[in-house]
Amino acid sequence: MAKIELTRTPFIKNALKSRYPQLAVFIIMLVGYIFAILAGLIGTPVGSHNFSIVFVWIAWWAILILVAVPFFGRGWCAVCPIPLPGEWLQRGAVLSPPDKKPKWLNLRVPKMFRNIWLQNISFLLLALFSSVLLTTPSITGIVLTTMLFAAIGLSTIFERRAFCRYLCPVGGFIGLYSQAAPIELRINDKHVCVTCEGKPCYNGSSAGYGCLWDVFPGGLTKNTYCGLCMECIRTCPHDNIAVNLRPFSADLAKPSTRMDEAFKAFIMLGSAMIYAGVLLGPWGALKDAAYNVGSSAWFVYVFIFLAIIFGILPCIFTLGIVRTKSSIPLKHRFASLSSTLIPLGLMFWVAFSLSFVLTNASYILAALSDPLGLGWNLFGTANTAWQPMLTSILAPAQTLALVGGLIWSARTAQKASNEVKVSSTPVIAYCFVLTSIMLWLLL
Amino acid sequence: MKRPELLTRILITVAIVGAVGAPLYVWSHSPLIHAQMSENGGWSPDILRAEVGKPLHLKLTSDDVMHGFAVGQMNMDAVDVEPGKVTEVTLTFDKPGIYTFFCTRWCGLNHWRMRGTIEVSGSPSEPEPATLPLYVTLNLDIDAPHDARVIPSGQPSAMRGQELATDLPVDLSAEYYRSHSPYQVFRDMPNTALTDSQRWDVVAYLWQSNTTKESLINGQKLYAQNCAACHGENGAGDGVFADDLKAAGDASAQTMTGAQAMKMQTPANFTDPTRMLGASPALLQGKILRGGMGTGMPMWGSIFTEDQIRDLVAYIYSFQFKYPK
Amino acid sequence: MKSRLALLSFLLAGLVVAFAPLPVQSVTPQARTFQMDARQFAYSPSDLQVNLGDTVTIQLLSTDVVHGLYVDGYDVSIEADPGQIATLTFIANKPGSFRFRCNVTCGAMHPFMIGKITVGTNNWLFRSLGLATLVIAGVMTSIKSKT
């Protein structure tokens, strides 16, 4: 299957190049985000009837993990409002670059932080407190506010979108999983870039800003760090940058060998399994431990959580691949083969999310009409009763996702194994065992 | 600055100010009464003001679990106060005074402490004299032990008692019933050829003739909603909160001058004949009205009407006596 | 050509594993009663096992606040106030594993107050595991045929 260049269609190209469609979406998202903060801070403390919990952890999460990431990769980053206020400050403009640029520090992020370890940590911070975060509006409000102000602060100190690229907990896994998506932004002809003077795609020009994600578009071979902000499409004087439709997980044909990305795969895989057991399982003691932050049970829970993610899962994985003889060092093989867990982890999250989204989606209608729980009825749906949706298709959908994920990761394992010249059998067996556990946890 | 840039900045500013300002404005102009479990603060606000004859519109919401709302000694149906949703209720008061509103759906061990007051002003402003409860006029010490010296061997039957009572000079009046315990009636019954068991049957009949079917049905409903959680669905003092009350025990002891130390304890067992048959309706009414002074038994004086307490007392005795269906 | 045939046969096998009717063990349905405590945020017991056709009665006792019990798939529910046992009776005529959950907001972790009832055997789980095994068999076969 070859690539289809979407930006060859003038309608699409102009829609992406013009700042106005993007701005319209930005304003809607920013207003929604700020409203979610307000709802969390002044609205009802009852999560299921508060806009912040319902629209962040049910509606937005559902769209993110079921649609945006699998089909559009970093598509959410393209419209996310978090970097906007800081960016407008940093740029001194809300549209095209101004004549006089404001003098912010514009420092480069120090080398030791130019990886996704900070994002791994920030995701884990949210994950360990997730029972409280997902159910308490004021905590969600505070976290959203913190992310917004962190982004603003970082924009005044560092260049480009430092928060998005190096700190955002969501960006960490969206980036990893975007490798599996069927769209990409790439240059058309690299010879054009060789002779290009000034490289405005990276350095900016009067038409637009240099890559906000600190990526050189000419060298993009994977989706992982491109946030689809479209600035390079605006600045490229040779019309050499395109958005393409391509086969799913094309990026995984050449797996990354970075350890931070490898561990991100384990973090996401492990969290999905732990959440399936703790949140959706019938074991009350686990839920108590997860919710009672600060108690000794919670510390045990945190320890076990981290042990699974950083110890048990990677160790068993390594044991499986350590025996296969290869000229390539173990660390390289480990990182490369862990790309197998990208489609597996994505489908684990899809299967897990389907359950609580379909069960609780009816809250969306009620929260739309009465977002703060004050007794409003804006659209007449405030008294929509809680009713799980599509329950008859939930189990088959979860099986499809998990078994589909197994097929997908097996094929990815084959490709990765070819790259590092080892057998794919241990990795495939690993995926099979974990998939079976996830099936048992969810069904 | 170019025109589009300026316009866009204005648009963004308006959008953000609107997103922040509009909800803040509406929120600050929507006074709600928040219901929270007693451990989390109870009703907020817990003092309301009203005027005689002027309808009081209230908007209630719960911040945690399912609660309910009703005003004591007023003929109103309780309304549910649901988490995250708003319930509207309108109250009109005929007489001035201090009314008590309370939670009507069990929301934890301290559910009964979830109360507030409505201060109603207006005419007539002269205070009405209240009638003293019977235990006060009888000078009963309702905290003193009231064990029956003799108890029946089986459950006394009011039907059998009715047959036996036809030949006996038994005082079936309400005054006699209210001021005497079953044991006292048993003890004071004139010497006849009846066996002890038969005398208890007559006592049961006396109790039954001061009870109506409606009274028992109403009493059972009140009991289920208000008492069963501690005293048990079957009256054995083994309700869901009984263990918590017992565990609070010694740590909760409070002393008052001249009275014995009261501490939280296992709720009374209404199926225990020794305890129950030594208690008169006046004593039980007193306990319900005044509460347990630190034992964990709530005071219901401002909540239940006299009729409701009468019905409850009648129902409580039905654990001891066999009444006709 | 050969690989297309292999793929087709695996697909067919997959459909059989997923949808072929299994022989139903006829067990005489009986009436079962469960006494279940509900507290913030768990049921006790939380994992029930009954046979297909049983008449299931759950006596729900709330021990702290008002809780509900809603059974996925059967769409039946009850609500229990502390002090008043609520009884839910239904006939377990749908086989499989179903979650039951609280449907009266009872605090923060209310959406995760969940238990499980299995009617007969959790056939769908076994079918899914079967499908996963089939996938692995198919993948290993294709690897073997390539080497």
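A quick note: this is a predicted structure, and the numbers were derived from the prediction, not measured. Computed from heavy atoms alone, side chains included, the values below leave out hydrogens, waters and symmetry copies. Chain naming here is simple, since letters A, B, ... match the order of the sequence lines and numbering starts at 1 in each.
Heavy-atom distances place the side chain of A:Leu23, and not its backbone, under 4.5 Å from chain B. Neither the backbone nor the side chain of A:Phe26 comes within contact range of chain B; no heavy atom of the residue lies under 4.5 Å from a heavy atom of that chain. Proximity to chain A is limited to the backbone of B:Asp64, based on heavy atoms less than 4.5 angstrom apart. For B:Thr87, no part sits under 4.5 Å from any heavy atom of chain A, backbone or side chain.
When all heavy atoms of B:Gly84 and A:Val46 are compared, the closest pair comes out as N-CG2, 3.5 Å. A pairwise comparison of heavy atoms in B:Arg9 and A:Val94 identifies CG-CG2, 3.9 Å as the closest pair. Closest approach of A:Val31 and B:Ala15 over heavy atoms only: CG2-CB, 3.7 Å.
A:Thr44 contributes atom OG1, which lies 8.0 Å from atom NE2 of B:His34 (distance to the nearest 0.5 angstrom). With values rounded to the nearest 0.5 angstrom, B:Ile12 atom CD1 is found 4.5 Å from A:Ile27 atom CD1. Rounding to the nearest 0.5 angstrom, the gap separating the CD1 atom in B:Ile16 from the CZ atom in A:Phe35 is 15.0 Å. The CG atom of A:Leu38 sits 5.0 Å away from atom CG of B:Leu24, with the distance rounded to the nearest 0.5 Å.
Using a distance-only test at 3.5 Å, with no hydrogens or angles considered, no donor-acceptor pair links the side chain of B:Trp27 to the main chain of A:Gly43.
Within residues 38-50 of chain B, no residue has a heavy atom under 4.5 Å from a heavy atom of chain A.
The 12-atom threshold is not exceeded at CG of B:Asn234, counting heavy atoms of other residues, nucleotides or ligands nearer than 6.0 Å. Annotation: B:Met299, atom CE; neighbour count of heavy atoms from other residues, nucleotides and ligands within 6.0 Å does not exceed 12. Around the CD1 atom of B:Ile98, the shell of radius 6.0 Å holds no more than 12 heavy atoms that belong to other residues, nucleotides or ligands.
Among A:Pro45, A:Gly375, A:Ala39, the residue with the largest count of heavy-atom pairs under 4.5 Å with chain B is A:Pro45.
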Go through the steps for B:Lys85 and A:Asn383 under the test side-chain contact (heavy atoms from CB on, under 4.5 Å), then give the verdict.
CA-CA 9 Å; B:Lys85 296 171 83 165; A:Asn383 291 312; 3.8 Å; yes

Audit row: B:Val26, A:Trp376, side-chain contact (heavy atoms from CB on, under 4.5 Å) steps and yes/no
CA-CA 10 Å; B:Val26 184; A:Trp376 303 350; 3.2 Å; yes

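A side chain to side chain contact (heavy atoms under 4.5 Å, CB included) with B:Pro23 is found for one member of A:Leu374, A:Ile34, A:Leu372 and no other, namely A:Leu372.
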